[in-house]
Amino acid sequence: MALQAASLLPSALSMHKEGKSSTNLKDSSLFGVAFYYNLKSKFIPPAAWNKELTKKIAAVPIRAQTAATTPAVNRSTSEQKKTLRKGNVIITGASSGLGLATAKAIGETGEWHVIMACRDFLKAEKAAKSLGIPKENYTVMHLDLASLESVRQFVDTFRRSGRPLDALVCNAAVYLPTAKEPTFTADGFELSVGTNHLGHFLLSRLLLDDLKQSDYPQKRLIIVGSITGNTNTLAGNVPPKANLGDLRGLSGGLNSLNCSPMIDGGEFDGAKAYKDSKVCNMLTMQEFHRRFHEETGITFASLYPGCIAETGLFRNHIPLFRALFPPFQKYITKGYVSEAEAGKRLAQVVRDPSLSKSGVYWSWNSTSSSFENQLSKEASDAEKARKLWEVSEKLVGLA
Ligand code: LMG
Ligand code: NDP
Ligand code: PMR
């Protein structure tokens, strides 16, 4: 059921709340030393810490520093100016982290209405209010991606709202790095792949029709991927590595009954399941692009927004990891990005006319310029993408 919430907080208070989160940033410093981090400033870490690591990172072909942004599509810019109505975007998992920051970045433009598709209704309402997203610019709707029934209900509810759909952002995810045993969705799929991939697969397949019907000048379907699923990077080589194998576990239903809970048919590993699910997300976008871009004009893209090291994604990791990960990313790998900056990046992919190219995996370089990044061999394997599509269709009841 949809609920339109009233934003009770004045903007001054929401500023204060944001200020509070930067205090947390300071508190999470390495070895008790308080560092203030500025994305634009160049902090040179002590050589002793990172000499070897820096060399290794430099050796990995990360294309961030060299690539250029894609040129703007002029047609879209002029058409967008003619559009009178607000755009409508659904963002899954908008109750925290990247999804929430994106809802804020898009919601406060006044040009869009954000449908926050969340499993925890009240959490989402509170979060939207505390960030000061203008109440007329968002609606919270219930969606639990760990249940195919809930996905279908969400689509019905959205359609009954009468809003056209102009953009869909598949952002929600769970990461279970410390789980020893698998847990399962309502339909019996291993939870990380079930939520991050299969839930989003059904959602985007169903909402494709709605996107097709929209008269908005630019229609987009975006999925959040990650560097850790791409084995052509250093981050993607930290064990356990993503590997979908021949999809035998997925074909068997990922349910631990007749088969393995892992896509490749191996032993359960929560960190690997997450990385595998991100590979699925990136493959899915390319398959959408191949099947539907020409016919529909919809832009299909995935992205890696940077390492947002303090989000709820790491809530299940051990406390030591949660304490060390942010400074490690800020000062050693330099891959860190704040929630607010990452939200602006995803918002760009949703609405910036210069990022309208389809079939792209976006990343940002150290000066926050977007560029088309290259996926790993597995994450760009067209044959695997096709097979993943077909197996996933069967599992979610579309074939
Ligand atoms: C696993 O462990 C867990 O087993 C799993 O349960 C899950 O939690 C998973 O990803 C999550 O992690 C990973 C673990 C094992 O890695 C570690 O975190 C160990 C940390 C070791 C610390 C190394 C020192 C670095 C300096 C740190 C300074 C202090 C800050 C610490 C902050 C820590 C926060 C992370 O990993 C290992 O086995 C060791 C791996 C070592 C790095 C691997 C890098 C591989 C390099 C390969 C280069 C190849 C380049 C590829 C090029 C491709 C070309 C096409
Ligand atoms: P968060 O944990 O802060 O956000 C994840 C969101 O997903 C939450 O809103 C959560 O809801 C929601 N969610 C989880 N399970 C379900 C479900 N079953 N149904 C509906 N919503 C659900 O993490 P991030 O913001 O970091 O993650 C956002 C995206 O960014 C993910 O796709 C992640 O893979 C990706 N990403 C993150 C990176 C990082 O460094 N943090 C790097 C690269 C990619 P609730 O609030 O109720 O828990
Ligand atoms: Mg990684 C070289 C750069 C780099 C980047 C950009 C990331 C991003 N990581 C990098 C390097 C390393 N990490 C290195 C050298 C190590 C070994 C010390 C390392 C370790 C590590 C762990 C244990 N990193 C991690 C973990 C996690 O548990 C996170 C994870 O894999 O989640 C699936 C993670 C991440 N590192 C990243 C990013 C973006 C993540 C988490 C989020 C994600 O992929 O969505």
Side-chain angles (χ1 to χ4, degrees), residues 50 52-54 56-60 62 64 91-103 116-124 126-127 140-148 150-151 154 169-178 185-186 191-192 194-200 203 222-230 233-242 269-279 281-282 302-318 320-322 324-326 328-330 332-339 342-343 345-346 363:
N50 74 338
E52 279 314 298
L53 188 61
T54 311
K56 270 191 191 165
I57 293 168
V60 171
I62 300 174
I91 305 178
T92 69
S95 53
S96 73
L98 177 60
L100 178 61
T102 308
M116 301 169 68
C118 300
R119 62 177 167 178
D120 187 337
F121 206 89
L122 285 176
K123 181 178 173 182
K126 273 191 190 163
V140 177
M141 280 189 199
H142 184 261
L143 167 66
D144 182 355
L145 287 157
S147 155
L148 298 179
S150 172
V151 172
F154 170 83
V169 178
C170 297
N171 160 80
V174 288
Y175 174 40
L176 309 161
T178 56
T185 66
L191 191 64
S192 354
T195 305
N196 309 355
H197 168 57
L198 291 170
H200 278 137
L203 182 71
I222 312 298
I223 293 195
V224 185
S226 182
I227 194 170
T228 56
N230 279 296
T233 64
L234 175 63
N237 277 279
V238 174
K241 293 205 255 178
D269 182 324
K272 181 174 184 298
Y274 170 88
K275 292 175 191 177
D276 289 350
S277 76
K278 292 285 115 183
V279 176
N281 288 158
M282 295 180 283
S302 64
L303 70 150
Y304 167 60
C307 185
I308 330 160
E310 286 132 338
T311 69
L313 194 69
F314 309 104
R315 68 188 92 176
N316 295 310
H317 223 308
I318 56 168
L320 184 66
F321 175 89
R322 292 207 306 272
L324 294 181
F325 192 56
F328 174 67
Q329 293 294 343
K330 280 180 197 170
I332 299 176
T333 73
K334 308 285 190 69
Y336 175 86
V337 65
S338 68
E339 288 184 1
R345 290 177 178 183
L346 179 45
S363 295

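Atoms within a ligand are numbered from 1 in the order they appear, just like the ligands themselves. From a predicted model like this one, the values you see are computed outputs, not experimental measurements.
For Leu98, a nitrogen or oxygen atom sits less than 3.5 Å from a nitrogen or oxygen atom of ligand 2, counting backbone and side chain alike. Some N or O of Arg315 is nearer than 3.5 Å to an N or O of ligand 2, by distance alone. In terms of N/O distances under 3.5 Å, ligand 2 is approached by Leu145. Of the N or O atoms in Phe314, none lie within a sub-3.5 Å distance of an N or O in ligand 2. When only interatomic distances are considered, the shortest N/O to N/O separation between Cys307 and ligand 2 does not fall below 3.5 Å. Note: an N/O pair closer than 3.5 Å links Gln329 and ligand 3 by distance alone.
Ligand-side atoms of ligand 3 in range of Thr228: 31 (O), 35 (C), 36 (N), 37 (C), 38 (C), 40 (C), 43 (C), 44 (O), range being under 4.0 angstrom from any heavy atom. Close contacts between ligand 3 and His317 involve ligand atoms 28 (O) [criterion: under 4.0 Å to a heavy atom]. Every atom of ligand 2 with a heavy atom of Val174 under 4.0 Å away is listed here by number and element: 14 (C), 15 (N). Interface atoms of ligand 3 facing Ser226, defined by a heavy-atom separation under 4.0 Å, are 43 (C), 44 (O), 45 (O).
Below 30°, between 30° and 60°, or above 60°: for Tyr175 and Phe314 the angle between ring planes is above 60°, a perpendicular geometry.
No option in Ile223, Thr92, Leu346 other than Leu346 meets the side-chain contact (heavy atoms from CB on, under 4.5 Å) test with Val169.
The heavy atom nearest to atom 34 (O) of ligand 2, out of those in Tyr274, Phe325, Tyr175, is found in Tyr274. Between atom 10 (C) of ligand 3 and the options Ala242, Cys307, Gly236, Ala235, the minimum heavy-atom separation is to Ala235. Nearest-heavy-atom check against atom 39 (C) of ligand 2 across Leu100, Leu346, Ile308, Asp144 picks out Ile308. Taking only non-hydrogen atoms, the option from Val337, Thr333, Thr311 nearest to atom 11 (C) of ligand 3 is Thr333.
Heavy atoms of Gln329 stay at 4.0 angstrom or farther from ligand 2. At least one heavy atom of Gly306 sits under 4.0 Å from some atom of ligand 2. Not a single heavy atom of Cys118 lies less than 4.0 angstrom from ligand 2.
Counting heavy atoms closer than 4.0 Å to ligand 2, residue Thr228 contributes nothing at all.
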